[in-house]
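All residue numbers refer to positions in the sequence shown, counting from 1. Values below: all heavy atoms of this structure, side chains included; hydrogens, waters and symmetry mates excluded.
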Amino acid sequence: MSDVRVRFCPSPTGNPHVGMVRTALFNWAYARHTGGTFIFRIEDTDTQRDSEQSYNDLLASLRWLGMDWDEGPEVGGPHGPYRQSQRMEIYADIAAQLLAAGHAYRCYCSQEELEERREAARAANKTPGYDGACRTLSDEQISGYEAEGRKPVIRMRMPDTDWTWNDLVRGDVTFAAEHVPDYVIVRATGEPLYTLTNPVDDVLMEVTHVLRGEDLLSSTPRQLALYDALLAIGVAKGARPMYGHLPYVMGEGNKKLSKRDPESSLMMYREEGYLPEGLINYLALLGWSFGDDIEFFSKEQMAERFDVARVNANPARFDLKKCTAINAEWMRALDPEDLAQRLIPYLKSEGVLTADPTDVQLATLRAAVPHVQERMETLKQGVAMTAFLFYGDAGSPAFSVDPDEAAKVLTDDARPVIQEAMNALNAVGEWTTEAIEEALRVALIDGLGLKPKLAFGPVRVAVTGRRVSPPLFESLEILGRERALSRLQLALA
Ligand code: GLU
Ligand code: ZN
């Protein structure tokens with residue numbers, strides 16, 4: 001065990017997205033690399049936006065991806081609870097201590113007053129932050145505001161200094177004092193804000209390294225200030241955490257990948273049948289590199305090598321094609337039995353199977369997998385390629401040929417081909433791939449004098465329903481003679 005303590009602390013709003021998961025992954029890898037602790041914290045203090053659905057999705061996503069956490073929901077830990085909604089007294093207590101020690105103060109300004117003064121500052125070419133009006137209110141002023149029924153927010157009193165830290169990714173970063181005005185930590189309703197809860201929990205949970213997205217860069221100086229205040233009142237003990245800001249992820253047209261982009265939804269990958277291994281592998285490349293030109297690696301291999309110093313500060317580009325190609329590589333690398341097992345839930349969710357496969361169906365799937373493993377990029381594609389083997393089984397949909405394919409391939413010209421194929425297949429002795437191939441070649445290529453495409457195309461569409469299928473002769477063998485012949489018969493009719 002090392003002292004390294006990192007955290008992943010999403011807010012449960014909306015669907016988990018890839019930017020979020022990339023952050024989780026880098027923290028996880030850093031914890032595993034150092035033998036440190038990976039904390040999973042839920043920042044659910046915004047009752048308007050947070051949802052239980054999103055909370056459950058987050059947990060399910062990390063579990064699906066195999067990123068185990070050492071402290072957090074469901075596993076507990078010495079610094080719990082790990083849901084901020086259950087830590088409200090802690091934040092109220094700290095806010096009170098900060099007020100008492102003068103690190104924070106009550107601000108009674110109304111939205112209109114603040115806006116007016118910001119306007120004026122802009123007009124005078126000054127940076128339009130909070131102007132500190134309520135820093136030194138007299139008791140009289142305060143009771144006046146209270147009598148008016150104003151409800152104060154709580155603001156941090158920012159020291160008049162510039163803020164510099166050595167960012168683990170970006171090197172020295174500085175914010176000038178004027179860009180970090182006194183900021184709100186508790187709303188007028190008493191609700192604590194992210195600006196308070198996040199650094200407070202980092203302190204209480206003894207976080208040593210904060211790795212998070214670049215969009216949070218500007219909150220770091222505020223958190224440093226809050227950290228110093230917590231140190232002054234004896235809540236914080238050790239050194240400030242180190243901060244590292246992971247690069248932006250860019251999508252199409254070199255725009256920041258947005259939560260609303262379809263390729264940013266983690267659920268999409270799961271539904272389409274990406275493997276968790278493939279997705280993680282790709283996400284690892286968004287800002288980090290394994291080295292030695294290696295782009296195919298597991299998360300355990302990543303953890304072995306992971307070093308924040310090798311995170312690239314330049315924006316990373318999200319490329320769905322590359323993500324899919326890496327996934328396909330993982331599909332090919334799987335043990336065929338493993339792949340067969342992973343296809344089963346998708347065969348069910350796609351409605352090809354309505355229950356767990358029978359022994360016969362499992363044998364069929366196992367026989368088919370080696371012939372399709374090289375050709376599919378996702379599990380869903382694997383379902384499309386193998387579904388024809390199960391249509392017509394008890395509980396599964398009836399077999400039918402895609403009407404477009406039928407119109408193109410099963411024309412009147414195809415009749416004699418199908419008829420000949422039936423005759424030949426009827427006469428095959430032992431039903432093996434080799435015997436089937438031999439019989440069809442003799443009958444259709446030698447006998448009818450057809451080119452392979454015209455000979456086998458109609459047979460393929462008739463028995464698999466599609467023009468793109470696993471290899472034909474193998475497919476026929478796996479399908480069995482009876483079913484193959486009845487599908488050819490159906491095509492004739
Ligand atoms: N709850 C914050 C978010 O979702 C956490 C940011 C951080 O890592 O500090 O953006
Ligand atoms: Zn004020």
Side-chain angles (χ1 to χ4, degrees), residues 1-12 20-21 23-46 50 55 58-59 61-63 67-98 103-104 156 165 167-168 185-186 191-213 216 219-246 303 306 308:
M1 280 299 264
S2 79
D3 297 336
V4 167
R5 292 176 59 82
V6 293
R7 84 306 195 264
F8 170 55
C9 52
S11 300
M20 211 171 205
V21 178
T23 298
L25 175 62
F26 282 33
N27 279 286
W28 177 89
Y30 191 52
R32 295 295 168 262
H33 177 77
T34 54
T37 303
F38 178 52
I39 304 164
F40 184 15
R41 179 171 83 220
I42 305 291
E43 305 211 319
D44 56 346
T45 52
D46 188 341
D50 299 330
Y55 165 76
L58 275 166
L59 265 66
S61 300
L62 287 207
R63 297 246 187 254
M67 282 188 255
D68 52 324
W69 54 96
D70 307 308
E71 292 179 25
E74 291 181 355
V75 308
H79 303 280
Y82 292 89
R83 290 187 73 165
Q84 291 192 327
S85 56
Q86 296 166 1
R87 301 172 62 80
M88 289 303 185
E89 307 92 90
I90 298 176
Y91 310 127
D93 174 51
I94 302 249
Q97 291 187 50
L98 289 168
H103 295 293
M156 272 298 283
W165 74 95
D167 195 274
L168 295 164
I185 56 175
V186 179
E191 284 172 289
L193 291 172
Y194 162 78
T195 49
L196 177 70
T197 61
N198 176 279
V200 162
D201 281 346
D202 285 348
V203 165
L204 297 179
M205 296 179 183
E206 297 171 15
V207 168
T208 57
H209 296 75
V210 171
L211 302 181
R212 61 184 176 191
L216 291 156
S219 60
T220 301
R222 300 168 176 189
Q223 297 187 356
L224 294 174
L226 187 57
Y227 185 88
D228 292 350
L230 293 175
L231 197 63
I233 62 174
V235 173
K237 302 254 151 52
R240 288 172 172 176
M242 307 275 281
Y243 291 85
H245 291 86
L246 309 176
F306 187 79
V308 195

All ring-ring contact (aromatic ring centres under 6.0 Å, His included) counterparts of Y82, not counting sequence neighbours:
none
Looking only at heavy atoms, what is the nearest atom pair of P12 and L58, with distance?
CA-CD1, 3.9 Å
Sorted by chain and number, sequence neighbours left out, salt bridge (Lys or Arg N to Asp or Glu O under 4.0 Å) with R87 holds for D201
Should P221 and W165 count as side-chain neighbours, where that means a heavy-atom distance under 4.5 Å?
yes
Go through it in stages, so that I can follow the logic: the residues are L98 and L196, the test is side chain to side chain contact (heavy atoms under 4.5 Å, CB included), and I'd like the CA-CA distance, side-chain angles, deciding distance and then a yes or no.
CA-CA 11 Å; L98 289 168; L196 177 70; 4.0 Å; yes
dist Y194:OH -> R222:CZ (nearest 0.5 Å) comes out at 9.5 Å
Please identify each residue that fulfils salt bridge (Lys or Arg N to Asp or Glu O under 4.0 Å) with D93, with sequence neighbours left out.
none
For T197, the option from Q84, E191, E43 that meets side chain to side chain donor-acceptor pair (under 3.5 Å):
Q84
By salt bridge (Lys or Arg N to Asp or Glu O under 4.0 Å), which residues pair with E74, not counting sequence neighbours?
R63
Any heavy-atom pair between the side chains of Y243 and Q223 that's under 4.5 Å?
yes
Just jot down the ring-ring contact (aromatic ring centres under 6.0 Å, His included) partners of F8, sequence neighbours excluded, or say none.
F40
Test salt bridge (Lys or Arg N to Asp or Glu O under 4.0 Å) applied to E206 - qualifying residues, sequence neighbours left out:
none
For the student: nearest non-hydrogen atoms of N198 and C9, plus distance:
ND2-SG, 3.7 Å
Test side chain to side chain contact (heavy atoms under 4.5 Å, CB included) applied to I39 and V6, step by step:
CA-CA 6 Å; I39 304 164; V6 293; over 6 Å; no
How many angstroms lie between atom OG1 of T45 and atom CD of Q86, to the nearest 0.5 angstrom?
12.5 Å
Scanning both residues in full, the closest heavy-atom pair of G244 with D167 reads CA-OD1, 3.5 Å
For D202, what residues pass the side-chain hydrogen bond (donor to acceptor under 3.5 Å, both in side chains) criterion, not counting sequence neighbours?
R7, R41
Side chain proximity check, V308 to L211, heavy atoms < 4.5 angstrom
yes
Step by step, work out the side chain to side chain contact (heavy atoms under 4.5 Å, CB included) result for V200 and V235.
CA-CA 9 Å; V200 162; V235 173; 6.0 Å; no
Kindly write out the residues that satisfy side-chain hydrogen bond (donor to acceptor under 3.5 Å, both in side chains) with W69, not counting sequence neighbours, or none if the list is empty.
none
Under the criterion side chain to side chain contact (heavy atoms under 4.5 Å, CB included), I'd like the reasoning laid out for R5 against T34: C-alpha separation, chi angles, the key distance, then a yes or no.
CA-CA 9 Å; R5 292 176 59 82; T34 54; over 6 Å; no
Cation-pi between R83 and Y55: NZ/CZ under 6.0 Å from ring centre and within 45° of the ring axis?
yes
Which residues pass the side-chain contact (heavy atoms from CB on, under 4.5 Å) test with L193, sequence neighbours left out?
V184, R187, T195
What residues form a side-chain hydrogen bond (donor to acceptor under 3.5 Å, both in side chains) with T220, not counting sequence neighbours?
R212, H245
Who passes ring-ring contact (aromatic ring centres under 6.0 Å, His included) against H79, sequence neighbours left out?
none
For the residue pair N27 and T23, what are the closest heavy atoms and their distance?
ND2-O, 2.9 Å
Smallest heavy-atom separation, L231 atom then A236 atom, equals CD1-O, 3.4 Å
Can you run down the side chain to side chain donor-acceptor pair (under 3.5 Å) pairs that involve residues 227-241, sequence neighbours left out, and say none if there aren't any?
D228-R240
Starting at OG of S219, measure out to CG of L224 and round the result to the nearest 0.5 Å.
9.5 Å
Ignoring hydrogens and angles, tell me if any N or O in the side chain of D70 forms a donor-acceptor pair with the backbone of T37 under 3.5 Å.
no
I want to check something: taking the side chain as every heavy atom from C-beta on, are M242 and V210 in contact at a cut-off of under 4.5 Å?
no
How long is the gap from OG on S85 to CD1 on I42, to the nearest 0.5 Å?
9.0 Å
Are side-chain heavy atoms of E71 and P78 found at a separation under 4.5 Å?
yes
Less than 4.5 Å apart, any side-chain heavy atom of I185 and any of P192?
no
Where do A232 and H103 come nearest, in terms of heavy atoms and distance?
CB-NE2, 3.7 Å
